[in-house]
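Beneath this line is the structure, given in structure tokens, with notes to follow.
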Protein chains: 2
Amino acid sequence: MRADDIPEIRALGLFREMEAENFDTLVRGGYFQTFPPQVDLITEGDAADFLHIIVSGSVELYAGWNARETSMATVGPISTFILAATIRDAPYLMSARTVEKSRIILLPSNDVREVFERDHAFARAVVTELAQCYRSVIKNTKDLKLRTSLERLANYVLRRHHGNGGALEFELGQEKRRLASLLGMTPENLSRAIKALRPHGAEIDGTWVRITQKNDLERLAKPSRLIDDHCS
Amino acid sequence: MRADDIPEIRALGLFREMEAENFDTLVRGGYFQTFPPQVDLITEGDAADFLHIIVSGSVELYAGWNARETSMATVGPISTFILAATIRDAPYLMSARTVEKSRIILLPSNDVREVFERDHAFARAVVTELAQCYRSVIKNTKDLKLRTSLERLANYVLRRHHGNGGALEFELGQEKRRLASLLGMTPENLSRAIKALRPHGAEIDGTWVRITQKNDLERLAKPSRLIDDHCS
DNA sequence: CGCTATGTTGATCCATATCAATAAGTGTGG
DNA sequence: CCACACTTATTGATATGGATCAACATAGCG
């Protein structure tokens, strides 16, 4: 592992408070790897051998069943994924593949569990992280079950708007087919939803998103703190 | 709190390993209450003042948005709910109401967080519990996004079959309207799905479920360890 | 016993999926 | 640098799963 990446990792909420000695244990056993785009990192059903930390690039989490496939999340730097499987020493529930060239740290699950047993600060940080993840998935379920696809798209645009510091124009940052799957619809349906959104104050043109009438968009989207807030 | 309920609580995975002193702190500050059916225990958006433990009866977790409502889970004894909100000191993402007469322990969230800071064993148990919850919700999302409503019903029947020790006949144990909402469909649609399931080896008649051709049912349901397993 | 909830069934409507064709990018090798 | 192949995006036509509306049946419950 490159020495100058270590401080960055150490600064993550998950590792910030833990004992230096335990942090060293984790880092010493870890691997730092760079992957090209479209590489499968993990396959659902496999044993969770490593906790993954994405340092640059982006990774898609997806799941399949009976020849169908759906995108579950896109994760960017700097965050971890499949923490729950690591902790429970259980099989992955999702697969992961790189979207673009990505640098990823792999920490052996055994080490993570061992340090987790010893280090109270680390254990607390894991709890905070997991509780956050749990709440995100609950919000996602509410989004899926309570909203139509158009409403989901409208709220997605607003969430991205807030995530970009309130910019009215920003890049989509991913393929539409993946966004469609993430939002629980087909690519064709997303195309139509994008057209249907135009008279409600949002345009998506190629890779660019522009909010033209925020009021209109919000009237349609009816964003909720209990579904759309990123933190809390 | 009644003295003879305490050992039962203490035996829960969440509390089993923690320091006696800390357990006492939690229990001393807790309330034990009995609620009639259809009582609202918590409302989404409120501050998470208490960690709830259901000792008998059953509780429905549900969520609403824009005049729509959906059932998120039904939880029975002995388990906790809204642990994540308690830990993060964040608003509830779901509401909860009793389904039947229920006995419930309320532990002040402040106490839980305080003990959580002090007691490593408790913190570890919280992690295990949360990781479990997280994985359940992920499985539920996969169920929703990857399967049709008929497939979800078929798999639900098979899960209940396994949950009842492999019995081919068992009680539904809840109103069909709630089951419908839980599975992400309308009551009408569930009625039709039930009829459609008959030629595939499962009958639901009133409150009774009977599996007549397990092979047929499994051929339709294609249950997956990574969606339908209760543990792991 | 009614009364109110819940469940069923039928008719219809709507959202979304599917199928098919075309267009627009994107990357590769000559 | 262009031509080709291949993937992705769009658009239209159609099919279908599921929702909605309405009527009726049934079952709890006071």
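Predicted model only: the values in this text are computed from it and were never measured. We name chains A, B, ... by the order of the sequence lines, and we start the count at 1 in each one.
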**Prompt:** So do the side chains of A:Gln33 and A:Leu41 get within less than 4.5 Å of each other, counting heavy atoms only?
**Reply:** no
**Asked** Between C:dG7 atom C1' and B:Ile204 atom CD1, what is the distance in whole Å?
**Response** 13 Å
**Request:** Would you indicate which nucleotide in D:dT10, C:dT9, D:dT20 comes nearest to any side-chain atom of A:Lys176?
**Result:** D:dT10
**Prompt:** Choosing from D:dT11, D:dT8, D:dA19, which nucleotide comes nearest the side chain of B:Asn189?
**Reply:** D:dA19
**Asked** Who does D:dA5 pair with, Watson-Crick or G-U, both distances under 3.5 Å?
**Response** C:dT26
**Message:** If the threshold is 4.0 Å, N to carboxylate O, is there a salt bridge linking A:Asp229 and A:Arg225?
**Reply:** no
**Asked** Reckon A:Thr186 has a side-chain N or O less than 4.0 Å from the OP1 or OP2 of C:dT16?
**Response** no
**Prompt:** Looking only at side-chain N and O atoms, does B:Ser149 come under 4.0 Å of OP1 or OP2 in D:dG18?
**Reply:** yes
**Asked** Can you check C:dA5 for me, syn or anti if syn means within 90° of 0?
**Response** syn
**Prompt:** Rounded to the Å, how far apart are A:Leu190 CG and D:dT11 C1'?
**Reply:** 14 Å
**Prompt:** To the nearest Å, how far apart are B:Glu151 CD and D:dG17 C1'?
**Reply:** 12 Å
**Protein-nucleotide distance (A:Gln38, atom CD; C:dT26, atom P), rounded to Å** = 15 Å
**Request:** Rounded off to whole Å, could you give me the NZ-to-P distance for the A:Lys145 and D:dG18 pair?
**Result:** 14 Å
**Message:** Using whole Å, what does the distance between atom C1' of nucleotide D:dG28 and atom CZ of B:Arg177 come to?
**Reply:** 14 Å
**Item:** Donor/acceptor link under 3.5 angstrom from A:Arg192 side chain onto base of D:dG12
**Value:** yes
**Complete:** Partner of B:Asp228 under salt bridge (charged side-chain N to carboxylate O under 4.0 Å, His left out), picked from B:Arg152, B:Lys139, B:Arg147, B:Lys142, is B:Arg147
**Prompt:** Nearest-Å distance, CG (B:Asp205) to P (C:dT6)?
**Reply:** 20 Å
**Prompt:** What is the distance from CZ of A:Arg152 to P of C:dA15, rounded to the nearest Å?
**Reply:** 13 Å
**Asked** Nearest nucleotide by nearest heavy atom, which residue falls closer to the 5' end of DNA chain C, A:Thr207 or A:Thr148?
**Response** A:Thr148
**Request:** Among B:Thr80, B:Ile105, B:Leu14, find the one that has a side chain to side chain contact (heavy atoms under 4.5 Å, CB included) with B:Ile9.
**Result:** B:Ile105
**Asked** If you look at every strand shown and take non-hydrogen atoms under 4.0 Å, does A:Glu175 touch a base, only sugar-phosphate, or nothing?
**Response** sugar-phosphate
**Request:** Would you mind checking if B:Glu69 and B:Arg97 are paired as a salt bridge, meaning a charged N to carboxylate O distance below 4.0 Å?
**Result:** yes
**Prompt:** If pairing requires Watson-Crick or G-U wobble contacts with both distances under 3.5 Å, which nucleotide is the partner of D:dT26?
**Reply:** none
